[in-house]
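Before any comments, here is the structure.
Ligands are counted one by one from 1 in listed order, and the atoms in each one are counted from 1 as well.
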Amino acid sequence: MAIENKREEEFHTVFSRNDSLELSCHHEYDPAKARIFKIIVIGDSNVGKTCLTYRFCGGTFLKNPEATIGVDFRERTVELDGESIKLQIWDTAGQERFRKSMVEHYYRSVHAVIFVYDVTSLTSFHSIPDWIEECSRHSVGPLVPRIMVGNKCDLRDRREVPTSAAQRFADSYNFPLFETSAKDPAEKEHVDAIFLTLAYRLKSHKPLRLKQPSVSNVTQLWNQSEQDEGTCQC
Ligand SMILES: Nc1nc2c(ncn2[C@@H]2O[C@H](COP(=O)(O)OP(=O)(O)OP(=O)(O)O)[C@@H](O)[C@H]2O)c(=O)[nH]1
Ligand SMILES: [Mg+2]
């Protein structure tokens with residue numbers, strides 16, 4: 001299914017700021033209902049995790065977000081090949097003091113992990129190994145898909161993390177890499193595509209196959225195309 005053809009009405013979005021974790025710590029399969037997948041979004045404070053998840057679930061750029069405390073839950077149900085898939089997205093806190101009591105919950109029964117850095121912050125990029133390490137420490141299995149997202153591509157003049165360096169790093173972990181902007185309206189579909197790529201991956205339980213190192217272009221992943229000379233869409 002092409003992203004471009006996806007109709008807005010196929011999406012059902014629910015927002016919740018929810019202190020209860022009970023809902024979120026299991027994965028159940030019921031053919032009568034949407035399958036639920038838990039995706040955690042991890043990375044330094046201020047990289048744009050909240051704005052990215054809000055962009056995907058709400059379709060707009062969240063102005064003046066506050067630092068996330070603990071976790072914010074967002075959900076979006078998508079229809080993929082006739083099946084409803086509910087993506088339950090855990091927008092985690094980047095600040096240590098706001099996350100320390102929650103970390104165990106973040107990783108429990110997680111189905112996919114999105115590591116986010118800010119392309120204008122080398123520091124946030126250099127933190128990614130620490131986030132990967134935290135993930136491993138919490139027994140997230142090797143088969144749980146992980147992707148990397150470099151956010152704030154709209155700030156072209158302030159870029160500190162070259163695509164080539166990020167791509168080399170991502171390749172060394174065998175993670176697909178995406179660069180995007182939660183802010184730039186022109187990137188809306190790309191943000192959708194990043195999450196939907198994961199959704200397809202989770203639905204099919206097949207590994208993402210990247211034919212050669214490149215900044216991942218979702219359509220290529222989608223079609224498993226032989227010609228994946230992907231470039232940043234920013
Ligand atoms: N220019 C630009 N600014 C962005 C983008 N995404 C987020 N921001 C800004 O970056 C700041 C931090 O965004 P958040 O989404 O709150 O960051 P976070 O990673 O959730 O931070 P914590 O909740 O503290 O972990 C805010 O001022 C946003 O407006 C983007 O794509 N481009
Ligand atoms: Mg946040």
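Proximity of R146 to W131: side-chain heavy atoms (C-beta onward) are nowhere separated by under 4.5 Å.
Here the closest heavy-atom approach between residue T120 and residue E160 is recorded as O-CD, 3.3 Å.
Between I85 atom CD1 and L80 atom CG the span is 5.5 Å, to the nearest 0.5 Å.
Note on residues 118-130: pairs passing salt bridge (Lys or Arg N to Asp or Glu O under 4.0 Å), not counting sequence neighbours, are D118-K152. Counting only residues at least two apart or in different chains, salt bridge (Lys or Arg N to Asp or Glu O under 4.0 Å) contacts with residues 93-107 comprise R99-E134.
Between F175 and Y173, the ring planes are parallel. Angles under 30° get that label, and only those over 60° would be called perpendicular. Using bins of under 30°, 30° to 60° and over 60° for the plane-to-plane angle, the ring pair F125/F169 lands in the perpendicular bin.
Within 4.0 Å of ligand 1, the residues that place a heavy atom are D44, S45, N46, V47, G48, K49, T50, C51, F61, P65, A67, T68, A93, G94, N151, K152, D154, L155, S181, A182, K183, listed by chain and number.
Excluding waters, the protein N/O/S atoms found under 2.8 Å from the Mg ion (ligand 2) are T50 OG1, T68 OG1.
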Before giving the answer on ring pair (Phe, Tyr, Trp, His ring centres under 6.0 Å), spell out for Y54 and F61 the whole-Å C-alpha distance, their side-chain angles and the decisive distance to 0.1 Å. CA-CA 7 Å; Y54 196 93; F61 180 61; 8.9 Å; no

Does D157 form a salt bridge (charged side-chain N to carboxylate O under 4.0 Å, His left out) with R159? I'd like the steps, not just the answer. CA-CA 6 Å; D157 299 341; R159 184 187 269 265; over 6 Å; no

